[in-house]
Number of protein chains: 2
Amino acid sequence: MEIRRQDIHNSDIPLVCRACEARHGGVCGALTSEQLSELNKHSFRNRLETGAEVIGQGETVVNYSNIMRGVVKLTKVMADGRQQIVGLQFAPDFLGRPFLEESAITAEAATESEVCNFPRHVLDRLVKRTPELEHKLHQQALKELDEARDWMLTLGRKTAQEKVASFLYLIATHIDPESVDRSAFELPLSRADIADFLGLTIETVSRQFTKLRKENVIRIENNRHVTVPDMDRLMRYAGND
Amino acid sequence: MEIRRQDIHNSDIPLVCRACEARHGGVCGALTSEQLSELNKHSFRNRLETGAEVIGQGETVVNYSNIMRGVVKLTKVMADGRQQIVGLQFAPDFLGRPFLEESAITAEAATESEVCNFPRHVLDRLVKRTPELEHKLHQQALKELDEARDWMLTLGRKTAQEKVASFLYLIATHIDPESVDRSAFELPLSRADIADFLGLTIETVSRQFTKLRKENVIRIENNRHVTVPDMDRLMRYAGND
DNA sequence: GCTTTCACTTGATCAAAATCAAATGGTGAC
DNA sequence: GTCACCATTTGATTTTGATCAAGTGAAAGC
């Protein structure tokens, strides 16, 4: 089902939206120029330091957001502090759980990021009047569901080595959607975050990195910069044949 | 956001739909009587034996379904046969992944079940014309996403005992939505399926059942019938404080 | 009635990852 | 330059759950 690109004059579009990448890839692409103007009146952008919280588990949702730049992690915590990252969102993803007052997860910036926020009630009103917008949000939810289920297989059935390789493969294919060369990238997560994403400890993550490095599956510089000489080989290590 | 119940005369509704529970709880509730009649022309019901496959991983999706009765498990398999259940669907859930040709998962009956099937292209056409229907499907996708993320925490961070307790709690609260007394129920899954749902082996699942039984958290008869004397206690064993 | 089969349980041993502990290496403050 | 701090790595040991193997019990077939 192809979506017809709306023929809108750039001059009708709010200034800040014109150069926005999320406008075409993200949910704003479903809006007419008037709707965009309306939404823009209530929206504001902000920069997030690494670790800055967008919304906390159990808190009342005030805003939805579009990620303009950076990586946002979605986490769940248990009462005793055990933590699991249940999703990673990359620009230009929509951030938020429509139709619920209270957030079941914490969202926080994994890297220095920039987001564009809209009040929940404004977007909710817009969704009711704009089937195309609901369709976009529906597609986003389905994409996240597919990703969550893929990751459930990783969490439930893969070995530590396969998990770490799966993580590297995920980052390689998601960090920079435009880039042709996916063989070199910066890890957006610390070892502790990676452990929380994979259901492992930081020690095990570190050991598996060392092992993959010694087997020449990856090269690592400065802890964060990774090079993958053979992506298919990494994929095999990840158990995705 | 409350959805106005459509004021439809029963006489306009297809005979088979009149007594259908999924009509109000499920996606059909979003349809007018004409739309329901239209959809009904192309739909058919069938009974599924335990283990019967609704759709296989990698196959082309021909039908969507509503679960009328029973429990359907959604699984993913790796090339070497390792398997993970990534979702359990209970009546009257909608079954299917809108907008994708190829299924990323296998869906099969965990118990003897009954489903109502509609051809994909018929429902897809209806979705485009019926925002209310897309809204229902969107809500269903979001519900499944919430459940998937809850389960990711279970898979990634809980101990074997907490996992088994979490499974029992999940079944207790989902198997019979109408029932007030949730303290006695039949397990819809074999030990092997439970292991695949929890990312464990059958031996570990069995041992944890024995342990929970010895600690009087549950009682078990005939392997499948479970009684929970204290649901809050089970919840604590599941790590959900 | 007896055997076969299948699901489940129980026991013994093993291995993978967690835990506990210490070392390394880089960065920023002074 | 030195110190303090933090993230990461590496090493030793322990624990949890997997694996291998044998048993039990109930239902189905002959």
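All chains are named by letter (A, B, ...) in the order of the sequence lines, taking the proteins before the strands, and each is independently numbered beginning at 1. No hydrogens, no waters, no symmetry mates; every other heavy atom, side chains included, goes into these values.
At D:dA7, none of the side-chain N or O atoms of A:Ser190 fall inside 4.0 Å of OP1 or OP2 (strictly under the cut-off). Put simply, A:Ser206 has no side-chain N or O that comes within less than 4.0 Å of OP1 or OP2 on D:dT10. Residue A:Thr204 places no side-chain N or O under 4.0 Å from the OP1 or OP2 atom of C:dA17.
Distance B:Phe209 CZ to C:dT10 C1': 16 Å, rounded to the nearest Å. Nucleotide C:dA18 holds its P atom 7 Å from the NZ atom of A:Lys163, rounded to whole Å. In this entry the distance linking NE2 of B:His225 with P of C:dA7 reads 22 Å, nearest Å. Between the CD atom of B:Glu221 and the P atom of C:dC8 there is a distance of 16 Å, rounded to whole Å. Rounded to an integer number of Å, the gap from CD1 of A:Ile220 to P of D:dA7 is 18 Å. Between B:Arg157 atom CZ and C:dA18 atom C1' the separation is 11 Å, expressed in whole Å. One atom, CG of B:Asp196, and another, C1' of D:dA18, lie 14 Å apart when rounded to the nearest Å. Protein atom CD of B:Glu162 is 12 Å distant from nucleotide atom P of D:dT16, rounded to whole Å.
Projected onto DNA chain D by closest heavy-atom contact, B:Asn222 and B:Thr201 fall at different nucleotides, the more 5' of which corresponds to B:Thr201.
Applying the 3.5 Å distance criterion, the base of D:dT19 shares a donor-acceptor pair with the side chain of B:Arg207.
Look at A:Glu162 and A:Arg157 and you find no salt bridge, because none of the NZ, NE, NH1 or NH2 atoms lies under 4.0 Å from a carboxylate O. Ionic pairing of A:Asp146 and B:Arg97 is present here: one or more N-O contacts between side-chain nitrogen and carboxylate oxygen are shorter than 4.0 angstrom.
Of the candidates D:dT19, C:dT19, C:dA18, the closest approach to any side-chain atom of B:Glu203 belongs to D:dT19. For B:Leu200, the listed nucleotide lying nearest its side chain is D:dA18; candidates were D:dT8, C:dT9, D:dA18. Out of D:dG17, C:dT10, C:dA17, the shortest distance to the side chain of B:Arg213 is found at C:dT10. Nearest nucleotide to the B:Asn223 side chain, out of D:dG17, D:dT8, C:dT9: C:dT9. Distance from the side chain of A:Gln208 is smallest to C:dA17 among C:dT10, D:dG17, C:dA17.
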**Message:** Working note: A:Thr154 + A:Leu170, criterion side-chain contact (heavy atoms from CB on, under 4.5 Å); need CA distance, chi angles, decisive distance, verdict.
**Reply:** CA-CA 11 Å; A:Thr154 300; A:Leu170 176 81; over 6 Å; no
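When each of A:Asp196, A:Asp193, A:Asp93 is checked for a salt bridge (Lys or Arg N to Asp or Glu O under 4.0 Å) with A:Lys73, only A:Asp193 meets the rule.
For B:Asp80 (side chain) and B:Arg82 (main-chain N/O), a donor-acceptor pair under 3.5 Å exists by modelled atom type.
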